[in-house]
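This is a predicted model, so every value here is computed, not measured. Because only heavy atoms are used, hydrogens play no part in the values below, and waters and symmetry mates are left out as well, while side chains stay in.
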Amino acid sequence: MWQNFLFSFNAGFPLLFFVLLGYLLEKRKFFGEGFFPQADKFIFNIALPCMIFSSVYDCDISDLSDYGLIGFTVIGITAVVAVLFIIVPLTVRDNSKRGALIQGIYRSNFAIFGIPLVESIAGEEGVAAIAVAMPFTMILFNAYAVITLSVFRDDRKSTEPKAVIAQILKNIVTNPLIIATVLALCLLLLKGETGFELPEFVSTPITWLSNSVSALALMSLGSSLVSKGTSSGENKSRLRLAVVGAFAKTVLLPAVMVTIAALLGFRGTRLSVIFVLFGAPTAVASYIMAKNMKSDADLAGQILVISTVMSLVTMFIGVFIIKTLGLIE
């Protein structure tokens with residue numbers, strides 16, 4: 001069990017390190033004024049689409065025979081988003097907070113946490129199971145994030161239904177992440193059918209750009225914490241909502257989804273993949289997306305940080321409980 005905790009800590013600590021580094025650099029005015037806002041634009045429009053493209057394009061679709069795991073993944077993520085679309089608007093008044101909260105609860109840092117943790121639980125069999133689920137999770141996470149943040153934007157110029165729908169559709173089809181996802185999916189299918197591979201002079205720059213996302217995004221998040229206290233009622237309310245969102249992300253959601261999966265007969269490696277998929281902390285990209293799509297970036301950032309800290313404990317406890325119940329070996 002200590003090994004599982006160590007994997008969670010090794011995956012989570014670098015995230016917190018870069019948040020602290022960004023805070024300290026901004027505190028000392030290391031980059032001067034305006035660096036991080038410009039960096040956010042670079043991440044959202046260039047680096048993040050490259051990361052999404054690489055994540056989808058690099059997926060292995062040579063063996064998609066585990067239809068049960070694929071079906072549970074697709075239906076599970078979709079059902080969670082649908083339920084949140086009903087519950088969150090009934091309990092949260094601020095439109096911009098709705099999008100940030102929904103994204104923060106359903107969208108997990110599956111790629112970073114998933115592979116090392118499941119590999120520690122189930123070995124190479126676990127890595128193979130993740131490879132089956134990865135294409136669908138990456139596509140759904142990003143597509144639903146764009147849809148969610150487009151629906152709950154806080155800069156509507158019109159309240160007329162037709163105009164709102166038109167604006168939402170425009171935001172979706174012109175979003176660089178959606179464009180990157182669709183392009184990567186087309187090339188991925190082409191690769192599966194014909195063996196086509198991107199030339200190295202194209203794939204290498206894309207990989208280098210994608211590698212810049214996490215560090216820059218987390219440093220930007222850290223910089224945003226400078227001069228933002230928690231004394232005002234607005235900040236206290238946001239922090240309470242962030243704690244609720246992080247709890248739902250790391251405790252409530254995995255508990256519900258693993259229980260449903262266990263009742264449906266999932267065991268062993270497949271159940272460990274489901275646990276990590278729904279129990280991993282909020283994705284790093286959620287903060288940058290919220291910031292660039294007129295959502296509550298402060299709330300998105302707080303959910304990211306709190307869920308990451310909580311996951312160092314909840315992932316360890318979750319694996320312990322599932323193993324104790326004999327659901328995984």
Side-chain angles (χ1 to χ4, degrees), residues 37 40-53 55-56 73-108 110 135-186 213 217 220 238 241-242 244-245 248-249 253 282-304:
D40 291 340
K41 292 182 181 179
F42 163 75
I43 296 169
F44 182 74
N45 291 288
I46 299 176
L48 186 55
C50 286
M51 186 183 79
I52 299 304
F53 178 92
S55 300
V56 175
T73 298
V74 172
I75 296 173
I77 294 173
T78 303
V80 169
V81 174
V83 170
L84 290 173
F85 258 70
I86 296 172
I87 294 177
V88 171
L90 294 176
T91 56
V92 179
R93 292 183 179 181
D94 190 330
N95 207 44
S96 65
K97 288 183 173 60
R98 291 170 175 171
L101 182 60
I102 291 173
Q103 182 189 209
I105 293 175
Y106 89 81
R107 190 180 186 187
S108 72
F110 184 51
F136 303 94
T137 60
M138 294 305 302
I139 292 170
L140 290 178
F141 279 160
N142 289 291
Y144 287 150
V146 173
I147 294 171
T148 299
L149 297 177
S150 296
V151 170
F152 295 108
R153 285 179 74 102
D154 203 31
D155 61 345
R156 299 278 182 235
K157 296 181 180 180
S158 173
T159 57
E160 185 180 351
K162 288 185 178 180
V164 171
I165 293 173
Q167 186 178 357
I168 290 173
L169 292 176
K170 180 182 178 181
N171 291 334
I172 292 172
V173 299
T174 60
N175 188 280
L177 272 68
I178 292 296
I179 295 173
T181 301
V182 172
L183 179 60
L185 182 59
C186 292
V213 171
S220 176
R238 182 181 288 114
L241 194 58
V244 171
K249 179 72 200 75
L253 182 59
T282 302
V284 174
S286 63
Y287 169 72
I288 291 297
M289 288 191 65
K291 195 170 186 178
N292 284 270
M293 294 187 66
K294 309 302 180 183
S295 187
D296 192 326
D298 292 333
L299 175 60
Q302 288 174 354
I303 295 174
L304 166 59

For I178 and A143, work out which heavy atoms get closest and say how close.
CD1-CA, 3.8 Å
Looking only at heavy atoms, what is the nearest atom pair of I172 and S150, with distance?
CG1-OG, 3.9 Å
Side chain to side chain donor-acceptor pair (under 3.5 Å) involving N292 - partner list, sequence neighbours excluded:
none
Going from CG on L140 to OG1 on T73, what distance comes out if it is rounded to the nearest 0.5 angstrom?
9.0 Å
Let me confirm one number: the CG-OG1 distance from N142 to T181, rounded to the nearest 0.5 Å.
5.0 Å
S108 vs K249, side-chain contact (heavy atoms from CB on, under 4.5 Å): CA-CA, chis, key distance, verdict
CA-CA 8 Å; S108 72; K249 179 72 200 75; 3.6 Å; yes
Closest heavy-atom pair and its distance - L304, T282
CD1-O, 3.2 Å
Interatomic spacing from CG in L183 to CD1 in I52 - rounded to 0.5 Å
13.0 Å
Looking only at non-hydrogen atoms, find the nearest pair between A217 and V284 and report the distance.
CB-CG1, 3.9 Å
Distance in Å, R98 CZ paired with I87 CD1, rounded so as to fall on 0.5 Å steps
13.5 Å
One should read off an interatomic distance between L149 CG and I168 CD1, to the nearest 0.5 angstrom, of 11.5 Å
Looking at K291 and S220, what are the two nearest heavy atoms and their distance?
NZ-OG, 3.6 Å
With S55 via side chain to side chain donor-acceptor pair (under 3.5 Å) - residues at least two apart
none
Within the 4.5 Å heavy-atom criterion, are L253 and V80 side-chain neighbours or not?
yes
One should read off an interatomic distance between L48 CG and M289 CE, to the nearest 0.5 angstrom, of 7.0 Å
Got a sec, which residues hit side chain to side chain donor-acceptor pair (under 3.5 Å) with S295, two or more places apart in sequence or on another chain?
none
Between F141 and F136, is the ring centre distance below 6.0 Å?
no
Count the heavy atoms of every other residue, nucleotide or ligand shown that sit under 6.0 Å from CG of L90, and state whether that count exceeds 12.
yes
Any side-chain heavy-atom pair of I303 and Y287 under 4.5 Å:
no
Test side-chain contact (heavy atoms from CB on, under 4.5 Å) applied to L177 and F44, step by step
CA-CA 8 Å; L177 272 68; F44 182 74; 4.2 Å; yes
Give a yes or no answer on whether the side chain of T78 reaches the backbone of I75 with a donor-acceptor pair at less than 3.5 Å.
no
Less than 4.5 Å apart, any side-chain heavy atom of V151 and any of F85?
yes
Nearest heavy atoms of G245 and I105, plus distance in Å
O-CG1, 3.8 Å
For S286, is there any backbone N or O sitting under 3.5 Å from a side-chain donor or acceptor partner on Q103?
yes
For a quick check under 3.5 Å, do Y106 and T148 share a side-chain donor-acceptor pair by atom type?
no
For M293 and N175, run side-chain contact (heavy atoms from CB on, under 4.5 Å): C-alpha distance rounded to whole Å, both residues' side-chain angles, the deciding distance at 0.1 Å, then the answer.
CA-CA 10 Å; M293 294 187 66; N175 188 280; 3.5 Å; yes
